[in-house]
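Input: a single structure, listed below in C-alpha coordinates.
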Protein chains: 2
Amino acid sequence: MQMETGNNPGASLIRKLEQRDPLSDEEKHVLANSVARIREFGVDEDLVSEGERPNYSTLLLEGFAARYKDLADGRRQITAIHVPGDFVDLHSFLLHRMDHGIVALTPCRIGAVPHEILRHITERHPHLTRLLWLSTLIDGSIHRESLVGMGRRTALGRMAHLLCELFLRLQVIGQTEGDSFRLPLTQAELGDTLGLSTVHVNRIVQELRTAGLITWRGQVVTIENREGLVEVADFDPAFLHLENEPR
Amino acid sequence: MQMETGNNPGASLIRKLEQRDPLSDEEKHVLANSVARIREFGVDEDLVSEGERPNYSTLLLEGFAARYKDLADGRRQITAIHVPGDFVDLHSFLLHRMDHGIVALTPCRIGAVPHEILRHITERHPHLTRLLWLSTLIDGSIHRESLVGMGRRTALGRMAHLLCELFLRLQVIGQTEGDSFRLPLTQAELGDTLGLSTVHVNRIVQELRTAGLITWRGQVVTIENREGLVEVADFDPAFLHLENEPR
DNA sequence: CGAGGTCTTGAAGACGATCAACAAACGTGG
DNA sequence: CCACGTTTGTTGATCGTCTTCAAGACCTCG
(Lines give C-alpha, C1' and ligand atoms only; values in the text may rest on other atoms or scores of the structure.)
Protein backbone atom coordinates (compact mmCIF):
# COMPACT_ATOMS: atom_id res chain seq x y z
CA MET A 1 0.00 0.00 0.00
CA GLN A 2 2.66 2.46 -1.06
CA MET A 3 1.95 5.36 -3.34
CA GLU A 4 3.97 7.38 -5.79
CA THR A 5 4.03 10.97 -4.65
CA GLY A 6 5.49 11.92 -8.02
CA ASN A 7 8.94 13.26 -8.58
CA ASN A 8 7.86 16.80 -7.97
CA PRO A 9 8.02 17.67 -4.28
CA GLY A 10 5.03 19.98 -4.57
CA ALA A 11 2.90 17.31 -6.25
CA SER A 12 0.98 16.20 -3.17
CA LEU A 13 0.15 19.78 -2.19
CA ILE A 14 -0.91 20.61 -5.73
CA ARG A 15 -3.13 17.58 -5.67
CA LYS A 16 -4.69 18.59 -2.41
CA LEU A 17 -5.33 22.18 -3.49
CA GLU A 18 -6.70 21.15 -6.87
CA GLN A 19 -9.18 18.98 -5.02
CA ARG A 20 -10.71 22.28 -3.89
CA ASP A 21 -10.12 24.54 -6.90
CA PRO A 22 -8.17 24.13 -10.15
CA LEU A 23 -4.75 25.75 -10.37
CA SER A 24 -3.34 27.53 -13.41
CA ASP A 25 -0.14 26.23 -14.95
CA GLU A 26 1.64 29.28 -13.64
CA GLU A 27 0.43 28.65 -10.12
CA LYS A 28 1.52 25.03 -10.31
CA HIS A 29 4.86 26.18 -11.49
CA VAL A 30 5.20 28.60 -8.60
CA LEU A 31 4.30 25.88 -6.11
CA ALA A 32 6.57 23.33 -7.72
CA ASN A 33 9.45 25.75 -7.37
CA SER A 34 8.64 26.84 -3.86
CA VAL A 35 10.38 23.97 -2.13
CA ALA A 36 13.90 25.10 -1.38
CA ARG A 37 15.14 22.00 0.33
CA ILE A 38 14.06 18.48 1.13
CA ARG A 39 14.76 16.97 4.52
CA GLU A 40 14.19 13.64 6.20
CA PHE A 41 13.22 13.01 9.80
CA GLY A 42 13.14 9.86 11.87
CA VAL A 43 10.33 8.74 14.16
CA ASP A 44 9.87 10.96 17.22
CA GLU A 45 12.03 13.71 15.82
CA ASP A 46 10.57 17.20 15.82
CA LEU A 47 10.03 18.63 12.36
CA VAL A 48 9.61 21.93 14.16
CA SER A 49 9.82 22.58 17.88
CA GLU A 50 7.81 24.79 20.17
CA GLY A 51 9.35 28.21 20.58
CA GLU A 52 11.13 28.21 17.23
CA ARG A 53 10.77 31.00 14.71
CA PRO A 54 11.35 29.18 11.45
CA ASN A 55 12.00 31.21 8.32
CA TYR A 56 10.40 28.52 6.20
CA SER A 57 7.22 26.49 6.37
CA THR A 58 7.11 22.73 6.30
CA LEU A 59 5.30 20.85 3.61
CA LEU A 60 4.84 17.20 4.51
CA LEU A 61 5.77 15.07 1.50
CA GLU A 62 5.78 11.60 2.99
CA GLY A 63 4.86 10.10 6.35
CA PHE A 64 2.57 10.97 9.24
CA ALA A 65 3.21 13.86 11.59
CA ALA A 66 1.41 15.37 14.56
CA ARG A 67 1.09 18.80 16.10
CA TYR A 68 1.27 18.58 19.85
CA LYS A 69 1.52 20.58 23.00
CA ASP A 70 3.23 19.36 26.13
CA LEU A 71 1.72 20.06 29.53
CA ALA A 72 3.50 21.03 32.69
CA ASP A 73 3.06 17.53 34.13
CA GLY A 74 4.62 15.78 31.15
CA ARG A 75 1.44 14.63 29.46
CA ARG A 76 0.77 15.81 25.96
CA GLN A 77 -2.11 16.54 23.65
CA ILE A 78 -1.93 16.00 19.93
CA THR A 79 -4.03 18.69 18.26
CA ALA A 80 -3.78 17.47 14.69
CA ILE A 81 -2.60 14.53 12.66
CA HIS A 82 -1.02 15.35 9.34
CA VAL A 83 -0.67 13.32 6.18
CA PRO A 84 1.31 13.88 2.98
CA GLY A 85 0.30 17.05 1.17
CA ASP A 86 -0.44 18.91 4.41
CA PHE A 87 1.34 22.19 4.89
CA VAL A 88 1.96 21.45 8.53
CA ASP A 89 3.18 24.81 9.72
CA LEU A 90 2.05 27.19 7.05
CA HIS A 91 0.77 29.27 9.95
CA SER A 92 4.30 30.03 11.14
CA PHE A 93 4.58 32.26 8.05
CA LEU A 94 2.40 34.84 9.83
CA LEU A 95 2.31 33.64 13.43
CA HIS A 96 6.12 33.51 13.49
CA ARG A 97 6.67 31.89 16.87
CA MET A 98 5.69 28.23 17.07
CA ASP A 99 3.44 27.79 20.08
CA HIS A 100 3.52 24.01 19.64
CA GLY A 101 5.76 21.33 18.21
CA ILE A 102 5.36 19.07 15.22
CA VAL A 103 6.68 15.57 15.51
CA ALA A 104 7.25 12.77 13.02
CA LEU A 105 4.99 9.81 13.83
CA THR A 106 6.68 7.81 11.07
CA PRO A 107 9.81 8.55 9.08
CA CYS A 108 8.98 11.77 7.22
CA ARG A 109 10.17 13.53 4.12
CA ILE A 110 9.43 17.23 4.11
CA GLY A 111 9.90 20.18 1.81
CA ALA A 112 11.00 23.49 3.29
CA VAL A 113 9.23 26.47 1.71
CA PRO A 114 10.94 29.76 2.60
CA HIS A 115 8.65 32.38 4.09
CA GLU A 116 10.18 34.77 1.61
CA ILE A 117 8.58 32.77 -1.20
CA LEU A 118 5.25 32.65 0.60
CA ARG A 119 5.40 36.39 0.98
CA HIS A 120 6.11 36.68 -2.72
CA ILE A 121 3.06 34.54 -3.43
CA THR A 122 0.90 36.86 -1.33
CA GLU A 123 2.25 39.84 -3.26
CA ARG A 124 1.85 38.41 -6.75
CA HIS A 125 -0.53 35.48 -6.78
CA PRO A 126 -3.79 36.35 -5.09
CA HIS A 127 -5.65 33.23 -6.15
CA LEU A 128 -2.88 30.98 -4.95
CA THR A 129 -2.77 32.99 -1.74
CA ARG A 130 -6.45 32.34 -1.23
CA LEU A 131 -5.89 28.62 -1.70
CA LEU A 132 -3.08 28.54 0.84
CA TRP A 133 -5.25 30.53 3.21
CA LEU A 134 -8.01 28.04 2.52
CA SER A 135 -5.79 25.19 3.52
CA THR A 136 -5.23 26.78 6.95
CA LEU A 137 -8.97 27.39 7.21
CA ILE A 138 -9.62 23.71 6.67
CA ASP A 139 -7.17 22.97 9.46
CA GLY A 140 -9.27 25.24 11.63
CA SER A 141 -12.43 23.50 10.58
CA ILE A 142 -10.94 20.14 11.53
CA HIS A 143 -9.93 21.61 14.88
CA ARG A 144 -13.53 22.66 15.51
CA GLU A 145 -14.81 19.22 14.71
CA SER A 146 -12.28 17.72 17.10
CA LEU A 147 -13.45 20.14 19.73
CA VAL A 148 -16.98 18.85 19.33
CA GLY A 149 -15.70 15.33 19.76
CA MET A 150 -13.63 16.09 22.83
CA GLY A 151 -16.41 18.05 24.45
CA ARG A 152 -19.44 16.00 23.65
CA ARG A 153 -18.66 12.60 22.16
CA THR A 154 -17.87 9.40 24.02
CA ALA A 155 -14.55 7.68 23.56
CA LEU A 156 -16.15 5.24 21.12
CA GLY A 157 -17.65 8.01 19.01
CA ARG A 158 -14.42 9.95 18.98
CA MET A 159 -12.40 6.99 17.82
CA ALA A 160 -14.91 6.10 15.13
CA HIS A 161 -14.96 9.72 14.01
CA LEU A 162 -11.20 9.88 13.73
CA LEU A 163 -11.15 6.75 11.60
CA CYS A 164 -13.80 8.15 9.27
CA GLU A 165 -11.92 11.41 8.97
CA LEU A 166 -8.56 9.83 8.26
CA PHE A 167 -10.08 7.48 5.75
CA LEU A 168 -11.43 10.40 3.72
CA ARG A 169 -8.30 12.50 4.02
CA LEU A 170 -6.14 9.59 2.93
CA GLN A 171 -8.49 8.77 0.09
CA VAL A 172 -8.01 12.27 -1.31
CA ILE A 173 -4.29 11.67 -1.59
CA GLY A 174 -4.70 8.16 -2.94
CA GLN A 175 -3.50 6.39 0.16
CA THR A 176 -6.44 4.07 0.64
CA GLU A 177 -7.06 0.69 -0.88
CA GLY A 178 -10.71 -0.21 -1.00
CA ASP A 179 -11.89 0.21 2.57
CA SER A 180 -8.42 -0.15 4.03
CA PHE A 181 -5.71 2.30 4.96
CA ARG A 182 -2.43 2.23 6.77
CA LEU A 183 -2.61 3.89 10.18
CA PRO A 184 0.86 3.87 11.69
CA LEU A 185 -0.08 5.30 15.07
CA THR A 186 0.41 3.56 18.38
CA GLN A 187 -2.49 3.35 20.79
CA ALA A 188 -0.64 5.77 23.05
CA GLU A 189 -0.52 8.31 20.22
CA LEU A 190 -4.20 7.78 19.51
CA GLY A 191 -4.84 8.42 23.19
CA ASP A 192 -2.90 11.67 23.03
CA THR A 193 -4.97 12.63 20.01
CA LEU A 194 -8.36 11.78 21.46
CA GLY A 195 -7.68 12.84 25.02
CA LEU A 196 -7.87 9.27 26.32
CA SER A 197 -5.61 6.94 28.23
CA THR A 198 -3.79 4.23 26.32
CA VAL A 199 -5.70 1.56 28.18
CA HIS A 200 -9.03 3.02 27.21
CA VAL A 201 -8.01 3.36 23.58
CA ASN A 202 -7.28 -0.33 23.60
CA ARG A 203 -10.70 -1.18 24.98
CA ILE A 204 -12.46 1.08 22.52
CA VAL A 205 -10.62 -0.42 19.57
CA GLN A 206 -11.70 -3.84 20.69
CA GLU A 207 -15.24 -2.66 21.01
CA LEU A 208 -15.18 -1.43 17.41
CA ARG A 209 -13.72 -4.76 16.39
CA THR A 210 -16.19 -6.97 18.18
CA ALA A 211 -19.02 -4.80 16.85
CA GLY A 212 -17.80 -5.82 13.41
CA LEU A 213 -17.24 -2.22 12.36
CA ILE A 214 -13.53 -2.49 11.64
CA THR A 215 -10.61 -4.84 11.55
CA TRP A 216 -7.19 -3.61 12.56
CA ARG A 217 -4.29 -5.90 11.83
CA GLY A 218 -0.79 -4.59 12.24
CA GLN A 219 -1.00 -1.05 10.98
CA VAL A 220 -3.79 -1.65 8.51
CA VAL A 221 -7.31 -0.57 9.38
CA THR A 222 -10.20 -1.87 7.31
CA ILE A 223 -13.65 -0.41 7.59
CA GLU A 224 -15.93 -3.43 7.52
CA ASN A 225 -19.21 -1.60 8.02
CA ARG A 226 -19.11 1.93 6.74
CA GLU A 227 -22.65 2.86 7.65
CA GLY A 228 -22.30 1.45 11.12
CA LEU A 229 -19.06 3.31 11.74
CA VAL A 230 -20.51 6.57 10.44
CA GLU A 231 -23.46 6.15 12.73
CA VAL A 232 -21.38 5.47 15.83
CA ALA A 233 -19.18 8.43 14.88
CA ASP A 234 -22.10 10.72 14.08
CA PHE A 235 -19.89 11.59 11.11
CA ASP A 236 -20.69 14.33 8.60
CA PRO A 237 -17.86 15.07 6.14
CA ALA A 238 -18.95 18.68 5.62
CA PHE A 239 -16.20 19.95 7.90
CA LEU A 240 -13.54 18.70 5.48
CA HIS A 241 -14.83 21.03 2.76
CA LEU A 242 -13.89 18.64 0.01
CA GLU A 243 -16.02 20.39 -2.60
CA ASN A 244 -14.36 21.75 -5.70
CA GLU A 245 -15.44 25.37 -6.14
CA PRO A 246 -13.95 28.63 -7.37
CA ARG A 247 -12.24 30.29 -4.41
CA MET B 1 -18.20 49.14 32.10
CA GLN B 2 -19.28 50.22 28.65
CA MET B 3 -16.84 51.18 25.97
CA GLU B 4 -16.94 53.46 22.96
CA THR B 5 -16.28 51.41 19.86
CA GLY B 6 -15.85 54.62 17.90
CA ASN B 7 -18.18 55.82 15.23
CA ASN B 8 -16.39 53.88 12.56
CA PRO B 9 -17.76 50.35 12.28
CA GLY B 10 -14.32 49.00 11.35
CA ALA B 11 -12.67 50.60 14.37
CA SER B 12 -12.62 47.56 16.62
CA LEU B 13 -11.18 45.36 13.87
CA ILE B 14 -8.56 47.98 13.02
CA ARG B 15 -7.64 48.13 16.67
CA LYS B 16 -7.31 44.38 16.89
CA LEU B 17 -5.19 44.10 13.74
CA GLU B 18 -2.97 47.03 14.71
CA GLN B 19 -2.28 45.22 17.94
CA ARG B 20 -0.36 42.73 15.77
CA ASP B 21 1.05 44.96 13.02
CA PRO B 22 0.56 48.64 12.11
CA LEU B 23 -1.77 49.44 9.22
CA SER B 24 -1.18 52.11 6.61
CA ASP B 25 -3.71 54.91 6.25
CA GLU B 26 -4.81 53.40 2.98
CA GLU B 27 -5.40 50.02 4.59
CA LYS B 28 -7.40 51.59 7.38
CA HIS B 29 -9.42 53.39 4.78
CA VAL B 30 -10.12 50.18 2.92
CA LEU B 31 -11.22 48.44 6.11
CA ALA B 32 -13.33 51.36 7.26
CA ASN B 33 -15.17 51.24 3.96
CA SER B 34 -15.54 47.50 3.83
CA VAL B 35 -18.66 47.31 5.98
CA ALA B 36 -21.61 47.40 3.64
CA ARG B 37 -24.33 47.20 6.19
CA ILE B 38 -24.86 47.16 9.94
CA ARG B 39 -27.30 44.74 11.53
CA GLU B 40 -28.56 44.05 15.01
CA PHE B 41 -29.37 40.66 16.53
CA GLY B 42 -31.12 39.71 19.73
CA VAL B 43 -30.00 37.08 22.22
CA ASP B 44 -30.14 33.52 20.87
CA GLU B 45 -30.57 34.66 17.30
CA ASP B 46 -28.20 33.18 14.74
CA LEU B 47 -25.90 35.70 13.14
CA VAL B 48 -25.21 32.98 10.62
CA SER B 49 -26.69 29.49 10.49
CA GLU B 50 -25.19 26.15 9.66
CA GLY B 51 -25.61 25.28 6.02
CA GLU B 52 -25.78 28.85 4.79
CA ARG B 53 -23.58 30.18 2.05
CA PRO B 54 -23.31 33.84 2.95
CA ASN B 55 -21.96 36.29 0.38
CA TYR B 56 -20.58 38.47 3.15
CA SER B 57 -18.57 37.90 6.29
CA THR B 58 -19.65 39.04 9.70
CA LEU B 59 -17.59 41.46 11.72
CA LEU B 60 -18.72 41.56 15.33
CA LEU B 61 -18.97 45.20 16.41
CA GLU B 62 -20.68 44.86 19.76
CA GLY B 63 -21.72 42.01 21.99
CA PHE B 64 -20.64 38.41 22.59
CA ALA B 65 -21.25 35.64 20.07
CA ALA B 66 -20.42 31.94 19.89
CA ARG B 67 -19.68 29.45 17.16
CA TYR B 68 -21.41 26.19 17.85
CA LYS B 69 -22.27 22.84 16.44
CA ASP B 70 -25.38 20.90 17.31
CA LEU B 71 -25.24 17.17 17.81
CA ALA B 72 -27.73 14.60 16.69
CA ASP B 73 -29.06 14.18 20.24
CA GLY B 74 -29.73 17.88 20.73
CA ARG B 75 -26.70 18.74 22.81
CA ARG B 76 -24.34 21.33 21.49
CA GLN B 77 -20.70 22.28 21.64
CA ILE B 78 -19.51 25.87 21.48
CA THR B 79 -16.19 25.92 19.65
CA ALA B 80 -15.34 29.58 20.11
CA ILE B 81 -16.47 32.64 21.98
CA HIS B 82 -16.23 35.89 20.10
CA VAL B 83 -15.90 39.45 21.30
CA PRO B 84 -16.12 42.80 19.51
CA GLY B 85 -13.51 43.17 16.79
CA ASP B 86 -13.60 39.48 15.91
CA PHE B 87 -14.27 38.64 12.29
CA VAL B 88 -16.53 35.77 13.27
CA ASP B 89 -16.99 34.10 9.92
CA LEU B 90 -14.19 35.47 7.83
CA HIS B 91 -13.60 31.83 6.90
CA SER B 92 -16.87 31.66 4.98
CA PHE B 93 -15.16 33.86 2.39
CA LEU B 94 -13.19 30.82 1.21
CA LEU B 95 -14.94 27.90 2.88
CA HIS B 96 -18.29 29.06 1.45
CA ARG B 97 -20.62 26.69 3.22
CA MET B 98 -21.02 27.27 6.95
CA ASP B 99 -20.45 23.97 8.71
CA HIS B 100 -21.53 25.50 12.02
CA GLY B 101 -23.74 28.28 13.31
CA ILE B 102 -22.90 31.52 15.06
CA VAL B 103 -25.27 32.69 17.73
CA ALA B 104 -25.62 35.95 19.65
CA LEU B 105 -24.95 35.38 23.36
CA THR B 106 -25.92 38.99 24.05
CA PRO B 107 -27.55 41.55 21.81
CA CYS B 108 -25.08 42.01 18.96
CA ARG B 109 -24.28 44.67 16.42
CA ILE B 110 -22.48 43.35 13.38
CA GLY B 111 -21.04 44.72 10.18
CA ALA B 112 -21.51 42.76 6.99
CA VAL B 113 -18.41 42.77 4.78
CA PRO B 114 -19.21 41.53 1.26
CA HIS B 115 -17.01 38.70 0.03
CA GLU B 116 -16.56 40.72 -3.10
CA ILE B 117 -14.70 43.34 -1.08
CA LEU B 118 -12.61 40.70 0.66
CA ARG B 119 -11.70 39.31 -2.72
CA HIS B 120 -10.72 42.79 -3.85
CA ILE B 121 -8.50 43.08 -0.79
CA THR B 122 -6.74 39.83 -1.68
CA GLU B 123 -6.19 41.11 -5.19
CA ARG B 124 -4.90 44.56 -4.29
CA HIS B 125 -3.77 44.70 -0.69
CA PRO B 126 -1.37 41.87 0.10
CA HIS B 127 -0.34 43.16 3.49
CA LEU B 128 -3.91 43.62 4.59
CA THR B 129 -4.66 40.17 3.22
CA ARG B 130 -1.92 38.73 5.39
CA LEU B 131 -3.39 40.43 8.44
CA LEU B 132 -6.85 39.05 7.75
CA TRP B 133 -5.32 35.64 7.18
CA LEU B 134 -3.45 36.11 10.44
CA SER B 135 -6.68 36.75 12.27
CA THR B 136 -8.04 33.37 11.13
CA LEU B 137 -4.74 31.77 12.13
CA ILE B 138 -5.12 33.14 15.62
CA ASP B 139 -8.59 31.61 15.73
CA GLY B 140 -6.95 28.32 14.85
CA SER B 141 -4.36 28.78 17.55
CA ILE B 142 -7.09 29.38 20.12
CA HIS B 143 -8.84 26.23 18.90
CA ARG B 144 -5.68 24.23 19.50
CA GLU B 145 -5.32 25.56 22.99
CA SER B 146 -8.95 24.66 23.69
CA LEU B 147 -8.25 21.18 22.38
CA VAL B 148 -5.45 20.81 24.90
CA GLY B 149 -7.84 21.86 27.63
CA MET B 150 -10.62 19.53 26.57
CA GLY B 151 -8.27 16.61 26.18
CA ARG B 152 -6.00 16.96 29.13
CA ARG B 153 -7.14 19.56 31.63
CA THR B 154 -9.57 19.06 34.49
CA ALA B 155 -12.77 21.04 34.64
CA LEU B 156 -11.19 23.44 37.12
CA GLY B 157 -8.18 24.06 34.90
CA ARG B 158 -10.33 24.54 31.84
CA MET B 159 -12.53 27.11 33.51
CA ALA B 160 -9.58 28.99 34.93
CA HIS B 161 -7.94 28.91 31.52
CA LEU B 162 -11.00 30.32 29.81
CA LEU B 163 -11.16 33.18 32.30
CA CYS B 164 -7.49 34.03 31.76
CA GLU B 165 -7.96 33.93 27.99
CA LEU B 166 -11.07 36.09 27.96
CA PHE B 167 -9.48 38.58 30.30
CA LEU B 168 -6.59 39.13 27.90
CA ARG B 169 -8.73 39.22 24.79
CA LEU B 170 -11.07 41.74 26.39
CA GLN B 171 -8.15 43.80 27.63
CA VAL B 172 -6.89 44.19 24.07
CA ILE B 173 -10.16 45.79 23.06
CA GLY B 174 -10.39 47.92 26.19
CA GLN B 175 -13.22 46.00 27.78
CA THR B 176 -11.62 45.32 31.13
CA GLU B 177 -11.53 47.52 34.20
CA GLY B 178 -8.67 46.73 36.48
CA ASP B 179 -8.95 43.00 37.12
CA SER B 180 -12.65 42.89 36.24
CA PHE B 181 -14.55 42.20 33.09
CA ARG B 182 -18.13 41.62 32.10
CA LEU B 183 -18.81 37.99 31.21
CA PRO B 184 -22.41 37.74 30.06
CA LEU B 185 -22.53 33.95 29.65
CA THR B 186 -24.84 31.64 31.53
CA GLN B 187 -23.37 28.61 33.26
CA ALA B 188 -25.11 26.45 30.67
CA GLU B 189 -23.27 28.29 27.90
CA LEU B 190 -20.01 27.93 29.76
CA GLY B 191 -20.73 24.23 30.00
CA ASP B 192 -21.31 24.02 26.26
CA THR B 193 -18.01 25.82 25.76
CA LEU B 194 -15.94 23.69 28.11
CA GLY B 195 -17.62 20.38 27.42
CA LEU B 196 -19.11 20.18 30.92
CA SER B 197 -22.57 19.84 32.41
CA THR B 198 -24.21 22.93 33.84
CA VAL B 199 -24.15 21.42 37.28
CA HIS B 200 -20.46 20.83 37.17
CA VAL B 201 -19.76 24.34 35.90
CA ASN B 202 -21.57 25.63 38.93
CA ARG B 203 -19.47 23.56 41.29
CA ILE B 204 -16.24 24.56 39.60
CA VAL B 205 -17.10 28.25 39.76
CA GLN B 206 -17.73 27.88 43.45
CA GLU B 207 -14.43 26.14 43.86
CA LEU B 208 -12.65 29.05 42.18
CA ARG B 209 -14.54 31.41 44.44
CA THR B 210 -13.83 29.67 47.70
CA ALA B 211 -10.19 29.34 46.69
CA GLY B 212 -10.15 33.13 46.58
CA LEU B 213 -9.07 33.19 42.95
CA ILE B 214 -12.05 35.09 41.59
CA THR B 215 -15.27 36.79 42.52
CA TRP B 216 -18.22 36.62 40.18
CA ARG B 217 -21.13 38.86 40.97
CA GLY B 218 -23.89 39.19 38.44
CA GLN B 219 -22.09 39.24 35.12
CA VAL B 220 -18.88 40.75 36.41
CA VAL B 221 -15.88 38.54 37.00
CA THR B 222 -12.97 39.87 39.03
CA ILE B 223 -9.66 38.09 39.16
CA GLU B 224 -8.62 38.32 42.77
CA ASN B 225 -5.44 36.32 42.53
CA ARG B 226 -3.89 36.47 39.12
CA GLU B 227 -0.92 34.24 39.86
CA GLY B 228 -3.07 31.64 41.50
CA LEU B 229 -5.52 31.55 38.61
CA VAL B 230 -2.72 31.32 36.05
CA GLU B 231 -1.23 28.44 37.98
CA VAL B 232 -4.48 26.50 38.22
CA ALA B 233 -5.06 27.18 34.52
CA ASP B 234 -1.51 26.30 33.50
CA PHE B 235 -1.94 29.42 31.38
CA ASP B 236 0.62 30.64 28.86
CA PRO B 237 -0.58 33.52 26.67
CA ALA B 238 1.73 32.60 23.77
CA PHE B 239 -1.16 31.03 21.86
CA LEU B 240 -2.85 34.43 21.55
CA HIS B 241 0.08 35.79 19.55
CA LEU B 242 -0.36 39.28 20.92
CA GLU B 243 3.07 40.44 19.80
CA ASN B 244 3.32 43.37 17.43
CA GLU B 245 5.58 42.35 14.54
CA PRO B 246 5.83 42.97 10.81
CA ARG B 247 3.67 40.39 9.05
C1' DC C 1 -46.60 40.07 41.32
C1' DG C 2 -46.02 36.11 38.86
C1' DA C 3 -43.36 33.16 35.60
C1' DG C 4 -39.58 31.51 33.35
C1' DG C 5 -34.87 31.29 33.31
C1' DT C 6 -30.73 30.72 36.07
C1' DC C 7 -28.26 29.19 39.97
C1' DT C 8 -27.55 25.94 43.68
C1' DT C 9 -27.50 21.62 46.27
C1' DG C 10 -27.79 16.54 47.03
C1' DA C 11 -27.53 11.67 45.69
C1' DA C 12 -26.53 8.00 42.59
C1' DG C 13 -24.32 6.22 38.73
C1' DA C 14 -21.32 5.98 34.47
C1' DC C 15 -17.35 6.64 31.90
C1' DG C 16 -12.83 6.73 31.71
C1' DA C 17 -8.24 7.06 34.54
C1' DT C 18 -4.86 4.83 37.07
C1' DC C 19 -2.19 1.09 38.72
C1' DA C 20 -0.30 -3.32 37.92
C1' DA C 21 0.99 -7.22 35.46
C1' DC C 22 1.67 -9.95 31.50
C1' DA C 23 1.70 -11.18 26.43
C1' DA C 24 2.93 -10.23 21.88
C1' DA C 25 5.51 -7.98 18.39
C1' DC C 26 9.41 -5.75 16.85
C1' DG C 27 14.13 -4.61 15.92
C1' DT C 28 18.81 -4.92 16.82
C1' DG C 29 23.12 -7.10 17.46
C1' DG C 30 25.56 -11.15 17.98
C1' DC D 1 18.83 -16.44 11.97
C1' DC D 2 18.05 -16.54 16.57
C1' DA D 3 18.30 -14.27 21.34
C1' DC D 4 17.21 -10.74 23.87
C1' DG D 5 15.54 -6.25 25.22
C1' DT D 6 12.30 -2.76 24.35
C1' DT D 7 8.17 -1.15 22.73
C1' DT D 8 3.37 -2.00 22.00
C1' DG D 9 -0.81 -4.25 22.99
C1' DT D 10 -4.00 -6.62 26.35
C1' DT D 11 -6.48 -7.64 30.62
C1' DG D 12 -8.21 -7.01 35.43
C1' DA D 13 -9.32 -4.26 39.56
C1' DT D 14 -10.06 -0.06 41.79
C1' DC D 15 -10.75 4.80 41.98
C1' DG D 16 -12.21 9.49 40.81
C1' DT D 17 -14.23 13.01 38.02
C1' DC D 18 -17.98 14.39 35.97
C1' DT D 19 -22.92 13.25 34.50
C1' DT D 20 -27.56 12.67 35.31
C1' DC D 21 -31.67 13.23 37.76
C1' DA D 22 -34.30 15.77 40.94
C1' DA D 23 -35.75 19.53 43.55
C1' DG D 24 -35.63 23.90 45.60
C1' DA D 25 -33.89 28.97 45.86
C1' DC D 26 -33.06 33.07 43.58
C1' DC D 27 -33.70 36.60 40.47
C1' DT D 28 -34.99 39.24 36.68
C1' DC D 29 -38.37 41.28 33.80
C1' DG D 30 -42.59 41.73 31.74
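Below, chain A is the first sequence line, B the second, and so on; all start at residue 1.
Taken together, the paired segments of DNA chain C that extend over three or more consecutive Watson-Crick or G-U pairs, each closer than 3.5 Å at both contacts, are C:1-30 with D:1-30.
If you check every strand for non-hydrogen atoms under 4.0 Å, B:Gly191 touches nothing. At a threshold of 4.0 angstrom between heavy atoms, the contacts of B:Gly218 with the nucleic acid are absent. In this structure, A:Ser197 reaches the bases: a heavy-atom distance under 4.0 Å links it to at least one base atom across the strands shown. Using a 4.0 Å heavy-atom criterion, one finds that B:Thr198 contacts no nucleic acid atom at all. The residue B:Val205 sits apart from the nucleic acid: no heavy atom pair falls under 4.0 Å. Using a 4.0 Å heavy-atom cutoff across all strands shown, B:Arg209 reaches sugar-phosphate atoms only and no base atom.
Shown here is B:Glu45, whose CD atom has more than 12 heavy atoms of other residues, nucleotides or ligands within 6.0 Å.
Distance, B:His200 NE2 to C:dT9 P: 15 Å, rounded to whole Å. Atom CZ of B:Arg217 and atom C1' of C:dT8 are 18 Å apart (whole Å). Counting to the nearest Å, the P atom of C:dA17 and the CZ atom of A:Arg75 are 10 Å from each other. Between A:Leu196 atom CG and C:dC15 atom C1' there is a gap of 10 Å when expressed in whole angstrom units. If you measure from atom CG of B:Leu105 to atom C1' of C:dT6, you get 15 Å, rounded to the nearest angstrom. Here C:dC15 presents its C1' atom at 17 Å from CZ of A:Arg153, a figure rounded to the nearest Å. Between A:Gln219 atom CD and C:dA24 atom C1' the separation is 15 Å, expressed in whole Å. A straight line from CG of B:Asn202 to C1' of C:dG10 spans 12 Å, rounded to a whole angstrom.
Salt bridge status for A:Asp139 with A:Arg67: present, with a side-chain N to carboxylate O gap under 4.0 Å.
The shortest heavy-atom contact between B:Pro54 and B:Asp89 is CG-OD2, 4.0 Å.
Close to C:dT8, at under 4.0 Å from its OP1 or OP2, lies a side-chain N or O of B:Gln187.
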**Request:** Just do the salt bridge (Lys or Arg N to Asp or Glu O under 4.0 Å) check on B:Glu224 and B:Arg209 with the steps written out, would you?
**Result:** CA-CA 9 Å; B:Glu224 300 291 346; B:Arg209 280 202 271 241; over 6 Å; no
**Request:** Give the intermediate values and the outcome of side-chain contact (heavy atoms from CB on, under 4.5 Å) for residues B:Arg158 and B:Met150.
**Result:** CA-CA 7 Å; B:Arg158 260 180 270 176; B:Met150 302 281 256; 4.0 Å; yes
**Item:** Full working for side-chain contact (heavy atoms from CB on, under 4.5 Å) between B:Ile223 and B:Phe167
**Value:** CA-CA 9 Å; B:Ile223 299 176; B:Phe167 180 82; 3.9 Å; yes
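For A:Ser92 (side chain) and A:Ser57 (main-chain N/O), no donor-acceptor pair under 3.5 Å exists by modelled atom type.
In the set C:dC7, C:dG10, C:dG16, the nucleotide with an atom closest to the side chain of A:Thr154 is C:dG16. Residue B:Thr186 places its side chain closer to C:dC7 than to any other of C:dA11, C:dA17, C:dC7.
A 4.5 Å side-chain heavy-atom check between A:Gln171 and A:Leu242 finds every atom pair outside the cut-off. The shortest distance between side-chain heavy atoms of A:Arg169 and A:Asp86 falls below 4.5 Å.
Of the inter-residue distances, the one linking A:Leu105 atom CG with A:Thr193 atom OG1 reads 7.5 Å to the nearest 0.5 angstrom.
In this structure, B:Glu189 and B:Gln206 both approach DNA chain C, and ranking their closest nucleotides by distance from the 5' end singles out B:Glu189.
Taking every nucleotide of DNA chain D with any atom under 4.0 Å from a non-hydrogen atom of chain A, the first and last of them, 5' to 3', are D:dT8 to D:dA13.
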